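First comes the structure, then the notes that go with it.
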Amino acid sequence: MNLANSFLTTPQADMQTIQDLLSEQVRAAFAAAFPGADLAGLPLAATPAGDEAFGDYQSNGAMAAAKVLRQPPRQVAEQVVRHLPTGDLLAKVEIAGPGFINMTLADDALARHVAAMQDDPHVGLPQSGAGRRLILDYSAPNVAKPMHIAHIRSTVIGDALKRIYRALGYEVLGDNHLGDWGTQFGILIMGYRHFLDKAALAASPVDELQRVYVLSHQRCEENPAWQDQARAELVKLQAGDPENRALWQTFIDLSLEEFNRIYARLGVSFELIRGESYYNDALPGVVQKLQDLGLVRESEGALVAFLDDEKLPPCIVRKSDGGYNYATTDLATVFSREQEFQPAAILYVTDERQQLHFRQFFAIARKAGVTTPLRHIWFGLMRLPEGLLSTRKGTAIKLDLLLDEAEKRALELVRQASPDMPEAQQQAVARAVGIGAVKYADLSQNPQSAVSFTWEKALAMDGNSAPYLQYAYARIASVLDKHAERFPGHDWCAAPLVLDSPHARRLALRLARYSGAVCAAAAQEKPSLLADALYDLSQAYSSFYQNVPFLKAEAGLRESRVRLCALTAKVLRHGLGLLGIETPDRI
RNA sequence: GCGCCUGUAGCUCAGCUGGACAGAGCAUGGGAUUUCUAAUCCCAGGGUCGCAGGUUCGAGCCCUGCCAGGCGCGCCA
């Protein structure tokens, strides 16, 4: 467990993951074998076995404890195993190599555990976040800039984390902290007044805003008078000039309209949309507070927080022209959120370039009395094989274009696979599959790795991809329908689960590991851990599907296997739901 | 100059915070469909984990130094 995530580690009422149950037993066995020894902090817990040949779960704790106990690790393991009862939960416990404790679950215990997930509304997930609120700050596009493919990272990772934390019982407020204030608006107003093409604005508002902004920005660099005028327009805007204010509102409305269209396509939503401008009126008070606390002093005309104790560079909170910047807005935002919502933590999902900013901002916030845990969840930059995405160089690919292409390719596949499906349904399925593919391509990767964007990867629809998982789900849905049709009255809901083949057992084990994967994804802030587990599960299912007959099996066994299919479908649907990916019943 | 990040199969990436012979997908080669959706399954080849030291019973993971790339470092966000 990541210690930085202390807000995630409160004791919970329902310890129901099988891994936790085993870990408890292992810890108890260590305590019984070595009473009085201080084994706190040692990694005694059960982890999924590295190789299925070694069993289902393993503990490497004996090797770790050997040093503390000054005994050979194998001997430690032997004493622990003596206190690790086989029977109810465990069928077999073995010691291997230098002191690995390998555990194999009893088939019926595994079957019982998995069966219990069927009626659990939380599909076996501990509700460790119940009664606690999180604020998740993600997406946050800039007004008057079209969303391009790099924006998908914050949006999709943030949305998945929101769903994951919710599944663990947290109340999560997603807040879209729009870039809707700042120096760019003076430039934009000048561009709008001088270069606007009304037809283009009507056809594609945000593109046109961006175009006039770029032109005006160029003019600023060439012409000081232009730059002065842009500054003057900004000052007017900030002073509340009605005309500029109206223009600014127009920019926001047009941008939000487009952003909302993309969010709708992605299935992403927010509980709060509070851009930087929302905190405008609070900025002078924030600076005053920092001054009162003696956290800032004047330097070269600006007001600066010096963070030498934290070994961080200085941070400007008020510019020499009296204007405020990002750090000030973020401080105002955190004060406001803390006071209004009393969250258990605030999480910020942004790219890696903002690490320094967040460390500075967090340091100042702490000094100013903010006690809420603040976490910066950063992700790697997205780049093209030929270099960074650049709006100016025209290498930025618009997000809409990517989604269009994904849906188009998915539609080809659906038409091929289901030629008899009604056109409207084909379209709907293609939407779910195409968007799912794009989201999964991002979510299945470690967020902190830099992403090198290729169409091939972003649109992958075989192998480790969302369509592979969706396909597995659709095959199950089809099986369930066929079963109901061909064997009316043969209810599988309460059929005993018989794990009579390696394929079935492997599948059940993957189902049992689901809750652990969700918890790990939450604790490490990495939806990719969940995606991995779901892919594992689908692979186990595909193998099961290919190798074990169910509709053709004899009655009884048939219902047992169909029930296992249904459980797999339930977990796949739930898990993909946590990634924000839909699961059509037919593909 | 300082700081953060990255370097693993031909390509794209995992690697559960130090454990068992380094794993997937794509690509390549071979096989499976009168049968529950072949977007699938089964099998094979493919690696000096950037380089060199060190710590450890054990290092892709920790420490040090190099090499290569990316990002950032007081009035942008």
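Here is the naming used below: chain letters follow the sequence lines, and residue numbers restart at 1 for every chain. Because the structure is predicted, anything quoted here is derived from the model rather than measured.
Looking at A:Asn102, its side chain comes within 3.5 Å of the base of B:A20 through a donor and an acceptor atom. Taking 3.5 Å as the limit, the base of B:C13 and the side chain of A:Asn446 contain no donor-acceptor pair of atoms between them. At a cut-off of 3.5 angstrom, counting only N and O atoms as typed in the model, there is a donor on one side and an acceptor on the other between the side-chain of A:Ser320 and the base of B:C75.
Listed pair A:Gln355 / B:C4 fails the phosphate criterion, with no side-chain N or O lying under 4.0 Å from OP1 or OP2. In this model, the phosphate group of B:C13 is approached by a side-chain N or O of A:Lys457 to a distance below 4.0 Å at OP1 or OP2.
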At under 4.0 Å between heavy atoms, which parts of nucleotides 25-40 of chain B does protein reach? Answer with one letter per nucleotide, 5' to 3': B base, S sugar-phosphate only, - none.
-> SS--------BBBSBB

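Taking the ring centroids of A:Tyr348 and A:Phe361, they lie under the 6.0 Å cut-off.
Only the C1' atoms considered, B:U8 is 12 Å distant from B:U48, to the nearest whole Å. B:C51 and B:A20: their C1' atoms are spaced 27 Å apart (whole Å).
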Taking Watson-Crick and G-U wobble pairs with both distances under 3.5 Å, convert RNA chain B into its dot-bracket string, 5' to 3', dots for unpaired and | for cross-strand pairs.
-> (((((((..((((.....[...)))).(((((.......))))).....(((((..]....))))))))))))....

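Between A:Arg409 and A:Glu405 there is a salt bridge, since at least one side-chain N of the basic residue sits less than 4.0 Å from a carboxylate O of the acidic one.
In this structure, a donor-acceptor pair under 3.5 Å is present between the side chains of A:Thr328 and A:Asn325.
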